[in-house]
Number of protein chains: 2
Amino acid sequence: MIGRLNHVAIAVPDLAAASAKYREQLGANVGAPQALPEHGVTVVFIDTGNSKIELLEALGENSPIAGFIAKNPAGGVHHLCFEVGDIAQAVEQLQATGARVLGDGRARIGAHGNPVVFLHPKDFHGALIELEEVRG
Amino acid sequence: MIGRLNHVAIAVPDLAAASAKYREQLGANVGAPQALPEHGVTVVFIDTGNSKIELLEALGENSPIAGFIAKNPAGGVHHLCFEVGDIAQAVEQLQATGARVLGDGRARIGAHGNPVVFLHPKDFHGALIELEEVRG
């Protein structure tokens, strides 16, 4: 079911400082910040050639990463995103095996304009897994 | 400096159970376990096509992931590994910018037979970063 590792998201308290670190200290290919108010985050993508790192900063009062930053003030790895071909089918298969899909279980349009779901980290060894539908 | 995202390592308390979850629930391409007593871990690789997930279970009494599992009994994302072309040069550049390389700062031979170093997670927003020399 899962395909490519689309990205690894790292939540950070200060996106400008994190972008500068990755660009200047690690010599990474760091993009421009994009504010996504409908998702409650500002994102910066780092292109690693084969995959991406997504740096996330909370935006607005109800940011989905505010709680994570409160618990991890320095930041930390927030989630891993794998691509799937058909997200409705993936959700059905996962739920049939007892895996919990967060929210109402239905896919929403994610930060990249594709349908996404998140799986309960307690079902996957403490890792928050995002599935994103990417049609081949 | 940093190139491809070589792998994302997830430390787990039970490698057989984690392998079964990724294989059966997520339909992932999960390899066979490899005991690496000299590194204090047993590893399983999951091939995502473009990158890899490395599941790690502690092996022996002085496993480098024992402390992590003690703090995160369910498991969690342990580190991200980026490829570099010349690790000695990478270390020199990083240290010149004030980034801390763990241990004595010299590369050691990692689990894949290549020279590796780890960077202090406090310098990179809570993410433990491994650099692995992969000659192109």
Side-chain angles (χ1 to χ4, degrees), chain A residues 1-15 17-18 21-29 46-53 55-56 68-69 71-80 82-84 90 93-99 119 121-129 131, chain B residues 1-15 17-18 21-29 46-53 55-56 68-69 71-80 82-84 90 93-99 119 121-129 131:
Chain A
M1 179 202 308
I2 58 169
R4 297 171 78 254
L5 179 64
N6 184 279
H7 64 269
V8 178
I10 301 175
V12 300
D14 180 337
L15 193 59
K21 253 186 195 296
Y22 274 84
R23 186 182 288 116
E24 291 157 25
Q25 291 196 285
L26 290 171
N29 185 4
I46 297 171
D47 182 1
T48 68
N50 62 326
S51 189
K52 295 187 288 282
I53 302 295
L55 301 177
L56 298 175
F68 181 89
I69 290 290
K71 277 187 218 158
N72 305 276
V77 177
H78 185 264
H79 68 264
L80 310 182
F82 296 104
E83 297 176 4
V84 295
Q93 279 180 244
L94 281 158
Q95 288 178 331
T97 63
L119 308 181
K122 287 199 178 162
D123 292 340
F124 291 98
H125 309 285
L128 177 60
I129 292 177
L131 301 179
Chain B
M1 180 203 308
I2 58 168
R4 295 171 80 254
L5 178 64
N6 184 278
H7 64 268
V8 178
I10 301 176
V12 300
D14 181 338
L15 194 57
K21 253 185 194 299
Y22 274 82
R23 185 182 289 117
E24 291 157 25
Q25 291 196 285
L26 290 171
N29 184 4
I46 297 171
D47 182 1
T48 68
N50 62 327
S51 188
K52 294 187 288 283
I53 303 294
L55 301 177
L56 298 174
F68 181 90
I69 289 290
K71 276 187 219 158
N72 305 275
V77 177
H78 185 263
H79 68 264
L80 310 181
F82 296 106
E83 297 177 4
V84 296
Q93 278 180 245
L94 280 159
Q95 288 178 331
T97 63
L119 308 181
K122 287 200 178 162
D123 292 340
F124 292 97
H125 309 286
L128 177 59
I129 292 178
L131 301 178

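Only a predicted model underlies this, so the values are computations on that prediction, with no experimental measurement involved. We name chains A, B, ... by the order of the sequence lines, and we start the count at 1 in each one. Hydrogens, waters and symmetry mates play no part in the numbers below; they use all other heavy atoms, side chains included.
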Inset, instruction - Under 4.5 Å, counting heavy-atom pairs only, tell me which of A/I129, A/V84, A/T48 racks up the most with chain B. - result: A/T48
Legend entry - For chain A, the option from B/G98, B/A96, B/G76 that forms the most heavy-atom pairs under 4.5 Å: B/G76
Inset, instruction - Would you mind checking which part of B/L128 comes under 4.5 Å of any heavy atom in chain A, side chain (CB onward), backbone (N, CA, C, O), both or neither? - result: neither
Inset, instruction - Please report the closest heavy-atom contact between A/A127 and B/I10, naming both atoms and the distance. - result: CB-CD1, 4.3 Å
Inset, instruction - Determine yes or no for a side-chain-to-main-chain donor-acceptor pair under 3.5 angstrom, with A/N50 supplying the side chain and B/R4 the backbone. - result: no
Show me the donor-acceptor pairs, under 3.5 Å and distance only, between side chains in residues 22-29 of chain B and residues at least two apart or in other chains.
residue	atom	partner	partner atom	Å
B/Q25	OE1	B/K21	NZ	3.1
B/Q25	NE2	A/T97	O	3.1
B/Q25	NE2	A/T97	OG1	2.8

Legend entry - Most contacts with chain B, counted as non-hydrogen pairs under 4.5 angstrom, among A/L131, A/L55, A/L119, A/V77: A/V77
Inset, instruction - Look at B/G75, B/G49, B/A11 and state which one has the largest set of heavy-atom pairs under 4.5 Å with chain A. - result: B/G75
Inset, instruction - Heavy-atom pairs under 4.5 Å with chain A are the metric here; pick the option from B/P73, B/P121, B/A74, B/A90 that has the most. - result: B/A74
Inset, instruction - Examine whether an atom of B/L80 lies under 4.5 Å from a heavy atom of chain A, and if so say whether it belongs to the side chain, the backbone or both; otherwise answer neither. - result: side chain
Inset, instruction - Against chain A, label B/I53 side chain, backbone, both or neither, depending on which of its atoms sit under 4.5 Å from a heavy atom there. - result: side chain
Legend entry - Separation of A/H125 NE2 from B/L15 CG (nearest 0.5 Å): 9.0 Å
